[in-house]
Each structure stands twice: as C-alpha cells, then as structure tokens.
S.K.: 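Below is one structure. I have some questions about it.
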Amino acid sequence: MRSLHLVLGLGFIGLILGGRCYTDYKYDTGMFTDSERLDQRLLSLGNCQEWCDETPRCKGVVLSPVDWAVRECYLVATTHITARSGWAASSLSDCDQGRGLHETTAITKQA
C-alpha cells in the first residue's frame with residue numbers, strides 16, 4: 001500500500017532529460033556513503049534528475065521519505081545505491097535501445 005501511496009502522491013511522470021537516461025525510481029532504496037554525496041536540496045521528483053544532469057560527477061538521485069515534513073533530493077556520485085527503508089532512488093543507466101531515451105514512470109517497490 002505504501003508503494004501505491006508514493007505513486008499516487010507523486011503522480012505518473014514521463015521525463016526526457018537532456019538525452020541522459022535514468023532507471024525508474026525504486027522504493028526502499030537510498031543508502032550511499034557520505035563521501036558519495038555531492039549536494040542536497042528541496043526539489044520535486046523530476047527536478048531532482050534535471051539537477052543531476054546539470055551537476056558534474058552526478059550519477060544518481062535519492063529522495064528522502066515521503067512522510068518526512070520536508071522531502072529532499074540528494075545527488076550522489078555513484079550508481080551503487082543500496083536498500084534504505086522509505087527512501088527512493090534513481091541512477092543513470094543505458095538508454096533504451098532504438099529510442100535513445102528512457103522514461104521514468106513511477107516509483108516502484110522492490111520485490
């Protein structure tokens with residue numbers, strides 16, 4: 001139910017961001033080391049990826065839990081983002097073959 005709440009709360013989006021491609025946001029993912037954190041600020045789901053596109057060395061984005069009073073976006077210098085309860089993450093990936101771009105559609109709960 002929590003996954004459904006995240007999807008409905010944030011809405012479905014399709015993002016095409018400057019030719020860079022991202023994995024779908026994954027729920028319960030968001031652990032990274034302090035040395036990999038590039039920056040953080042208050043941003044929406046799509047704006048977080050756009051900010052990553054504009055930031056050298058950025059390889060992924062992590063969103064703090066939806067039930068926090070203030071939701072933050074963290075830019076990280078790694079695609080190795082591991083389990084973290086309540087958080088969501090998306091990282092740079094290879095673009096879909098034939099299309100050249102990847103669309104992020106929702107935050108999904110890992111099985």
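Note that the coordinates shown come from a computational prediction; the quantities given were computed from them, not determined experimentally. Numbers here simply count residues along the sequence, with the first being 1.
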S.K.: In Å, rounded to the nearest 0.5 Å, how long is the span from CG of Leu63 to OG1 of Thr29?
M.R.: 11.5 Å
S.K.: Less than 6.0 angstrom separating the ring centers of Tyr74 and Trp51, yes or no?
M.R.: no
S.K.: How close do Ser64 and Glu72 get, heavy atom to heavy atom, and via which atoms?
M.R.: OG-N, 2.7 Å
S.K.: Any donor-acceptor pair under 3.5 Å linking the side chain of Ser90 with the backbone of Thr23?
M.R.: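 Yes; judged by distance alone, with no hydrogens or angles, the pair exists.
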S.K.: Side chains of Leu75 and Val61, heavy atoms from C-beta outward: is any pair under 4.5 Å?
M.R.: yes
S.K.: Quick one: CG on Asp53 to SG on Cys58, what's the gap to the nearest 0.5 Å?
M.R.: 8.0 Å
S.K.: Where the side chain of Asp28 meets the backbone of Gly86, is there a donor-acceptor pair that is under 3.5 Å apart?
M.R.: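 Answer holds: yes.
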S.K.: Report yes if some heavy atom in the side chain of Val76 is under 4.5 Å from a heavy atom in the side chain of Ile81; otherwise report no.
M.R.: yes
S.K.: Which value, rounded to the nearest 0.5 Å, describes the distance between Leu43 atom CG and Cys48 atom SG?
M.R.: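 With rounding to 0.5 Å, CG (Leu43) is 6.0 Å from SG (Cys48).
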S.K.: Within a reach of under 6.0 Å around CZ of Arg57, are more than 12 heavy atoms found that belong to other residues, nucleotides or ligands?
M.R.: no
S.K.: Under the criterion ring pair (Phe, Tyr, Trp, His ring centres under 6.0 Å), which of Phe32, Tyr27, Trp68 is the partner of Trp87?
M.R.: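 Only match with Trp87 under ring pair (Phe, Tyr, Trp, His ring centres under 6.0 Å): Trp68.
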S.K.: Mind checking the OG1-CZ spacing from Thr78 to Arg37? Nearest 0.5 Å is all I need.
M.R.: 15.0 Å
S.K.: Could you tell me which non-hydrogen atom of Arg84 sits nearest to which non-hydrogen atom of Met31, and how far apart they are?
M.R.: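 For Arg84 versus Met31, the nearest heavy atoms are CB-N, 3.6 Å.
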S.K.: For the atom pair OG1 (Thr79) and CD (Glu36), what is the distance rounded to the nearest 0.5 Å?
M.R.: 9.0 Å
S.K.: Side chains of Leu42 and Val70: closer than 4.5 Å at any heavy-atom pair?
M.R.: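 They are in contact (side-chain heavy atoms under 4.5 Å apart), so the answer is yes.
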S.K.: Between Tyr22 (side chain) and Gln49 (backbone), is there a donor-acceptor pair under 3.5 Å?
M.R.: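 The answer is yes, because a donor-acceptor pair under 3.5 Å joins these two groups.
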S.K.: Less than 4.5 Å apart, side chain to side chain, heavy atoms only: is that true for Ser91 and Lys59?
M.R.: no
S.K.: Please round to the nearest 0.5 Å and tell me the distance separating atom CG of Asn47 and atom CZ of Arg41.
M.R.: 9.5 Å
S.K.: Write down the atom of Cys52, the atom of Gly60, and the distance for their closest heavy-atom approach.
M.R.: SG-N, 4.0 Å
